[in-house]
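This report concerns only the one structure given below.
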Amino acid sequence: MTFQSILDEVQNNLNRILSEMNISDVSFSVEPAKPGFGDVSSNIAFLLAKQLKKSPKDIAELFSEHYNKSVNTLVTKSEAHPSGYLNFFANWEKLSQLILSESNLDTFGFVELGNKSTIVVEHTSVNPNKALHIGHIRNIIIGDTISRILRKADYRVNVLNYIDDSGLQVADILLGFTHLGFSQEPPDGKKFDHYCGDDVYVKTTQKYEEDSSLEEIRKSILKDLEDESSDIAKLADIVTRKVLTNQLKTCWNLSVTYDCLNFESQIIRSGLWSKIFEKLKDMKLVEFENDGKNAGCWVIRGDGKEEDKVIVRSNGVATYVAKDIPYAAWKLGLVEDPFYYEKYTTSQSGAHELWQTTLNPNNSKENFTGQKVITVIDSRQARLQKIVTDLMGKFKSAPDAYVHLGYESVTLSSDTAKTLGLETDGKQAQMSGRKGLYVSADSVYELLRERVIAETTKRRPEIDSSEIETIAHNVSVGTLRYEMIKQDLDKIITFDLTKSLSLEGDTAPYIQYTFARASRILEKSGRTPSIDVDYSLLVEKSELDLVKTIGLFGIHVRDAANNLSPKVVAKYCHDLAVSFNSFYEKNKVLGLDDEKLEDTRLCLVNSFKMTLENALDLLGIDTPSRM
RNA sequence: GCGCCCAUAGCUCAGCAUGGAUAGAGUGUCGGACUUCUAAUCCGAUGGUCAAGGGAUCGAAGCCCUUUGGGCGCGCCA
């Protein structure tokens with residue numbers, strides 16, 4: 001509740017005043033005030049201006065008078081601002097006690113939004129034929145952060161990663177292995193996913209232009225992939241799983257975890273598509289085209305001006321979107337589950353168990369479906385995802401059951417493109433796995449790590465090298481993760497190898513640094529912080545601002561979960577850090593010759609530290625106590 | 001051609017969902033603060049016809065319409 005408590009109190013009192021005045025149906029706002037306008041503000045006077053035929057200023061004054069006569073516990077006074085706003089001032093002694101003691105609870109920041117309903121978040125879903133690049137990382141971090149936020153908002157979250165192990169891109173590297181003589185062993189210890197992506201995939205696709213006969217081979221490989229017993233399918237299984245293991249290492253290293261891996265090859269072999277197809281026909285959601293340009297195909301009718309979408313070709317083969325339909329229905333639990341589940345061979349970090357689908361009935365049955373589904377895919381797929389969303393809305397009779405969470409892509413800055421050998425004339429460049437134009441996630445992490453090691457060694461020569469390694473890891477992961485979610489999903493991220501890897505300003509290290517400062521104060525105090533302190537001693541503006549910011553945690557978690565907006569939490573963490581730095585600059589905590597004041601401030605510092613850790617955890621960012 | 005998205009300080013972005021007070025950060029540039037709990041920090045200065053035009057409103061960066069500029073998408077490819 002925390003800061004929400006005072007908002008509720010104001011809301012209730014205003015409602016009571018309204019009913020005394022016989023006014024109803026006014027949906028006024030009660031919000032944390034802007035700096036310099038008290039602690040809580042309401043726009044109620046603006047909304048009543050017309051009805052009462054008075055100026056907002058007069059109405060605000062009227063309300064202010066009434067309000068100051070009502071019973072208050074957390075508000076000391078209300079005040080009419082000439083602009084028409086009604087502002088309220090908090091009883092900080094009580095509010096500080098409320099906020100700081102609640103911030104010590106494990107449940108702090110938890111909001112009851114999902115009512116323990118299950119929700120599926122699917123993200124990553126990268127073809128297992130290459131290493132992850134910085135563009136994939138945006139998808140992964142958005143998905144992982146959303147999952148963490150939803151858990152904090154009382155949802156049971158099932159995180160899925162869809163493994164497209166039977167598509168064209170896999171066929172391409174298989175062709176490289178079987179027909180172009182690429183060894184299945186990567187050279188000199190190169191990671192297998194990098195080898196497949198940098199060498200086999202890029203060079204194989206180059207060859208298509210030189211040798212058109214390869215196109216036929218490619219098609220036959222693609223066809224063989226569907227037959228489980230073929231040599232190609234067996235090879236594909238070995239290769240894609242090896243790439244997958246390497247991709248997962250990259251994800252785990254970034255503190256990203258999953259609940260279940262779903263393999264496309266198994267969805268195909270399970271026969272789920274034909275069941276869904278029958279259902280689509282029964283529900284008249286697909287139609288057979290007798291003539292016109294799509295003669296002989298099954299299509300989904302376009303919405304308004306949109307073109308019809310072919311789902312099954314005239315040769316009977318399903319198209320790309322069609323493959324997404326049975327999977328989407330499976331995720332929503334709308335079809336009988338054809339899969340069994342076994343634990344994944346390598347366990348991921350933490351206590352989080354990772355499962356994978358299998359068609360082998362000697363395994364257990366589990367449930368990874370959800371009442372709602374969020375699929376994280378970049379917005380270039382918006383059109384196709386809209387088809388799936390519409391279909392699922394009709395299947396489930398709930399239009400918002402399936403949500404496509406789209407985001408803009410990551411492009412390379414002109415300078416960074418140049419380092420990869422592409423001249424763009426000052427413009428940013430789209431990444432391309434096929435052309436080998438990308439910056440790998442592993443290399444970015446490594447670059448960051450080296451810089452943080454150098455920086456930390458320079459600043460803190462007394463820290464031993466193993467702790468430096470840990471700090472460097474946490475700061476590098478934090479920097480990368482924060483960079484991927486600090487802006488809105490609809491903004492393109494132009495990645496630059498120099499500018500995007502800064503450790504100063506609005507970055508994770510800035511925030512992490514405040515945690516280290518707070519830790520140091522607590523460590524030096526040699527005391528155990530208590531919440532049994534004199535809260536009336538917190539009177540400085542920078543102290544109360546920090547208390548207030550701490551108290552706003554839950555409100556931001558709710559906002560982020562409601563709007564599926566990770567940047568809301570990123571912004572909050574930054575706000576917390578700014579508040580703390582301001583407090584730190586203006587107030588000493590130790591050596592005051594005033595034990596009571598020291599205890600009170602230690603309590604505040606400890607609350608800040610716990611809340612920041614709590615909030616950063618939602619971003620998957622760790623908190624070093626020294627850096 | 002049709003559809004979706006973006007446009008706010010030199011640069012990168014908040015604020016827009018739910019219209020209301022003084023449009024905020026970071027970065028850059030210039031200047032200041034480490035014998036004092038960690039300077040990955042802090043303080044000050046600089047910097048804005050909120051792309052343009054129109055509309056509805058007592059009131060618009062925000063809502064509606066048009067235009068311009070940029071990005072992306074529109075296959076019996078995946």
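Numbered from 1 within each chain, the chains take letters A, B, ... in sequence-line order.
- Rounded to a whole angstrom, the distance from the C1' atom of rA14(B) to that of rU27(B) is 14 Å.
- Taking for each of N315(A) and L86(A) the nucleotide of RNA chain B with the nearest heavy atom, the 5'-most of the two is the partner of L86(A).
- For F28(A), there are no ring-ring contact (aromatic ring centres under 6.0 Å, His included) partners two or more places apart in sequence or in a different chain.
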Practice problem: Sugar-phosphate atoms are those with a prime plus P, OP1 and OP2; base atoms are the rest. Using that split, label each nucleotide of nucleotides 26-34 of chain B B, S or - for protein heavy atoms under 4.0 Å, 5' to 3'. | Solution: SS-------
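- A distance cut-off of 5.5 Å between ring centres, combined with a plane angle under 30°, leaves F37(A) outside any stacking arrangement with the base of rA21(B).
- Nearer to the 5' terminus of RNA chain B, by closest-nucleotide assignment, is the contact made by D490(A) (compared with the other of K571(A) and D490(A)).
- Comparing rU49(B) with rU18(B), their C1' atoms sit 28 Å apart, to the nearest whole Å.
- No donor-acceptor contact under 3.5 Å links the side chain of T319(A) to the base of rC76(B).
- Aromatic ring centroids of H574(A) and Y482(A) lie 6.0 Å or more apart.
- For E523(A), the CD atom counts as densely surrounded, since its 6.0 Å shell holds more than 12 non-hydrogen atoms of other residues, nucleotides or ligands.
- In RNA chain B, stems built from 3 or more consecutive Watson-Crick or G-U wobble pairs, each with both distances under 3.5 Å, span B:1-7 with B:68-74, B:10-13 with B:24-27, B:28-33 with B:41-46, B:51-55 with B:63-67.
- Between E540(A) and K586(A) no salt bridge is recorded (no basic side-chain N to carboxylate O distance below 4.0 Å).
- Note that K281(A) lies in the cation-pi zone of F277(A), set by a 6.0 Å cut-off to the ring centre and a 45° limit from the axis.
- Taking atom P on both rC4(B) and rC63(B), the two are 16 Å apart, rounded to the nearest angstrom.
- Listed nucleotides: rA78(B), rC37(B), rC76(B). Nearest to the side chain of Y584(A): rC37(B).
- Of the candidate nucleotides rU41(B), rA21(B), rA7(B), rU41(B) has the atom nearest to the side chain of N581(A).
- Looking at E215(A) and Y208(A), their side chains never bring a donor and an acceptor atom within 3.5 Å of each other.
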